[in-house]
Amino acid sequence: MAKAAKPPKPEEITKTLDYRKTPKGPWIDTKVEFRPGMYCYGTRPKYLEEVDMPNPREWSTSDEDWKLPENWKEIFLEGMEDRLRKHRSFRLFMDICVRCGACADKCHFYIGTGDPKNMPVLRAELLRSIYRRYFTTGGKLLKRTAGARELTEEVFKELWYYAYQCTECRRCSVFCPYGIDTAEITIMVRELVNLLGCNTDWIMGPVANCYHKGNHLGLEPHTIQSNIEMMCDDIEEITGIRIEPTFNRKGAEILFVTPSGDLFAVPGVYTAMGYLMLFHELGLDYTWSTYASEGGNFGFFTSLEMAKRLYYKVYAEAERLGVKFIIGGECGHMWRLWHQYLATFWKPPENLETPKSPITGTVFEHASASKVVHVVEFTADLIRHGKLKLDPSRNDHLRVTFHDSCNTSRGMGFFEEPRYVIKNVCNHFYEMPENTIREKTFCCGSGSGLNASENMELRMRGGLPRANAVRYVHEKYGVNMLANVCAIDRAALPTLMQYWVPGVEVCGVHELVGNALVMTGEKKRTMDLRLEPLPGFEEEEEEEE
Amino acid sequence: MEQLREVLRTRRDGIVRRWFDYIIETYPEETAAFLKSKRDPFTNPVGSTIKEGIEGIIDYIVGEGEEEVQTFLDRIIRIRAVQDFKPSEAVEFVFHLKDIVRAEVGMRLDEPEIRRQLREFDSSVDKLALLAFDIFMECREKIYELKATELKNMTYKLLERAKLLDELDKHKW
């Protein structure tokens, strides 16, 4: 009797519930599911029209019908054929992968989402299966047996979904024994979906702004000038020194270009204040430009052609103003592009010379092709030659760690300079674990134009491996400041920290430089660049007089 | 609950292993293999956080945990709150601890005292599940707050520049 009255065991109840989500069967049969929070909104047609990109229309990512043109398949395959011919690396990467899986667990999105299609090998396989079907004899004859599949609308959407779940960070490529650069496969997929007008609004808006107004945020010349003047007001309040930067000045020795995020967004503006203070203290003969007013390039997240178009103005402005070389601000993808593409996109004008620091005489030989030098390289050289008076104790309330940006580290091999600068302007610096920094750095999870708000879940998952390493140094050493040299990091990491590691703030390296820099004729500092009281340097109480 | 605690202490490793496997199986097969096999906490933050979290929870239950159980539960739930889980799916693993403990207690289930203590244990697991649900909600609210904050920050700067904010308004943001 007692037995009959027994309630079912928890195990019996859970048996009736389907909590197991493991997809059954091969990946090729697993349908893509668009999950809110994991993708960005489709672009508005006006942005495409503004830069003459094909197939502008009203469409929504969450709709069943993406309103693709009738001959979409033809456009896609012709585009692919064209790119296979143009980029030998692309064809090579399509052919040589042996699916060893070395890259599989290196991707921050795979680590954070657990979705097998985020393994770089499988993400690339989404396109390779198309390549085999339409461009290889084996695939044409044997079809699925040879790992080939038809290009259907559903497959197209799947390619789109996962191309925007890759930040082109290239961490996977570090571990590939063949050197396959999976980021370049993502770049190709993005080019192909752009042939059909399927960019995201978050990328296309900045592209259109940059094309017409010179920068992603669409700041007009008078706004740029007044924003920088507002920063100078704050600097005057902090240091008592009035800085008068120049704009579009012909005959300056140096043109300075930085991402527009540094001119408008917090904490980027504090980094820009650091640049202003440093250049003033040096008496540098430099100018800002309201025309070449964007260091970043969302065109790179669209197509190489668009990246090239948006960067025309950098050398054009350098030529118009007659400068000798260019200094670039703290940015990630800007440096991959300037270091690896700019001088082949456009020929540097005759007036540009190999950058030579007017303060130390150092010649930056590595920049002899592009004629651009990174501001952190420039500053590290100044410190090395003892040209700056620094008081690192002003940053004593900060326990700092450094996040290597994907593009400066893996695209440029730039590791020591930022660390050297930080160690000279701060007394408390702690590294994150070895397998999460330098060439193995984890992405912020929001690079390559994925730093929108509507894809917050994706960003939080993609940023988990980075945040996990920050949490480690936060708990072990009390780290409370995450320094970086990238405008997207400065935009994305504060949100990431608020979710995963509350208590850690984010700053650019030159904000720390600005705090520590002892300027000629400055008043006693009581505030940091955020206009917050500087611990240990507070204003003295009256009774002490 | 001392007798039961004693059983749990001696069977700790088995309980951790079973519970860990159960949670990991909520992920796709290939991913489960990765989450189980990689030990480095920086290579495999999800697997190691879950492992560390459930060890902390079990130690707390057997009375050896020093840290607050909330911290450990938070670490697991914070991850599941941004992954592809419904609220019920994200916290369901907590209830499963009841089954695991019964399986580990085995033959001693027949002892009346153990059975009585198990009822007490069940109610503490229920409390844990409620706490897990609170944490889950807190995480989801945080996500929406972060989305809203990013949008507000963009608008704030524009309004400030246009001089459409007075000092009073600034405090409201």
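Here is how names work: the chains are called A, B, and so on, in the same order as the sequence lines, proteins then strands, and each is numbered from 1.
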_Per-residue contact mode, B:Ile79 against chain A (heavy atom under 4.5 angstrom)_ = both
_Taking every non-hydrogen atom, the tightest pair across B:Val46 and A:Ile111_ = CG2-O, 3.3 Å
*Mind checking the CG-CD spacing from B:Leu146 to A:Gln498? Nearest 0.5 Å is all I need.*
5.5 Å
*If you measure from CG on A:Leu217 to CE on B:Met154, what distance do you get to the nearest 0.5 Å?*
9.5 Å
*Enter the distance from B:Tyr144:OH to A:Met456:CE here, rounded to the nearest 0.5 Å.*
11.0 Å
_Is A:Asn435 in contact with chain B via its backbone, its side chain, both, or neither, using a 4.5 Å heavy-atom distance?_
side chain
*Which atoms of A:Glu33 come close to chain B, meaning under 4.5 Å heavy atom to heavy atom: side chain ones, backbone ones, both, or neither?*
neither
*With side chain to side chain contact (heavy atoms under 4.5 Å, CB included) as the test, would you mind laying out the steps for B:Asp84 and A:Arg461 before giving the verdict?*
CA-CA 10 Å; B:Asp84 288 333; A:Arg461 292 184 209 189; 2.9 Å; yes
*What heavy-atom pair brings A:Asn468 and B:Pro41 nearest, and what distance separates the two atoms?*
ND2-O, 2.9 Å
*Interchain contact, A:Ala452 with chain B, by part (heavy-atom threshold 4.5 Å)*: backbone
*Segment of A:Ala491 engaging chain B (4.5 angstrom heavy-atom cut-off)*: backbone
*chain A contact via B:Phe34 - side chain, backbone, both or neither, heavy atoms under 4.5 Å*: side chain
*Over all heavy atoms of both residues, which pair between A:Trp500 and B:Val82 is shortest? Give the atoms and the distance, please.*
CZ2-CG2, 4.0 Å
*Please state whether the side chain, the backbone, both or neither of B:Thr43 comes within less than 4.5 Å of a heavy atom of chain A.*
both
*asked:* Contact between B:Arg78 and A:Tyr499 at the side-chain level, heavy atoms closer than 4.5 Å - yes or no?
replied: yes
*Assess whether atom NZ of B:Lys147 is packed by more than 12 heavy atoms of other residues, nucleotides or ligands within 6.0 Å.*
yes
*Once you round to the nearest 0.5 Å, how far does CD1 of B:Ile143 lie from CZ of A:Arg459?*
9.5 Å
_So for B:Arg80, is it side chain, backbone, both, or neither that comes closer than 4.5 Å to the heavy atoms of chain A?_
neither
*Checking A:Thr113 against chain B: side chain, backbone, both or neither under 4.5 Å from a heavy atom?*
backbone
_What's the separation between atom NZ in B:Lys142 and atom CE in A:Met460, rounded to the nearest 0.5 Å?_
10.5 Å
_Minimum heavy-atom separation for B:Pro28 and A:Gly114, please, with both atom names._
CG-O, 3.6 Å
*Per-residue contact mode, B:Asp40 against chain A (heavy atom under 4.5 angstrom)*: side chain
*How about B:Phe133: does its CZ atom have over 12 heavy atoms from other parts shown lying under 6.0 Å from it?*
no
*asked:* Once rounded to the nearest 0.5 Å, what's the spacing between atom CG of A:Asp105 and atom CD of B:Glu30?
replied: 12.5 Å
*Choice from A:Ala265, A:Gly112, A:Pro465, A:Pro433 maximising heavy atom contacts with chain B below 4.5 Å*: A:Pro433
*Is the number of heavy atoms from other residues, nucleotides or ligands under 6.0 Å of B:Arg17 CZ greater than 12?*
no
*Given a strict heavy-atom distance threshold of 4.5 Å, which part of A:Met119 is in contact with chain B: side chain, backbone, both, or neither?*
side chain
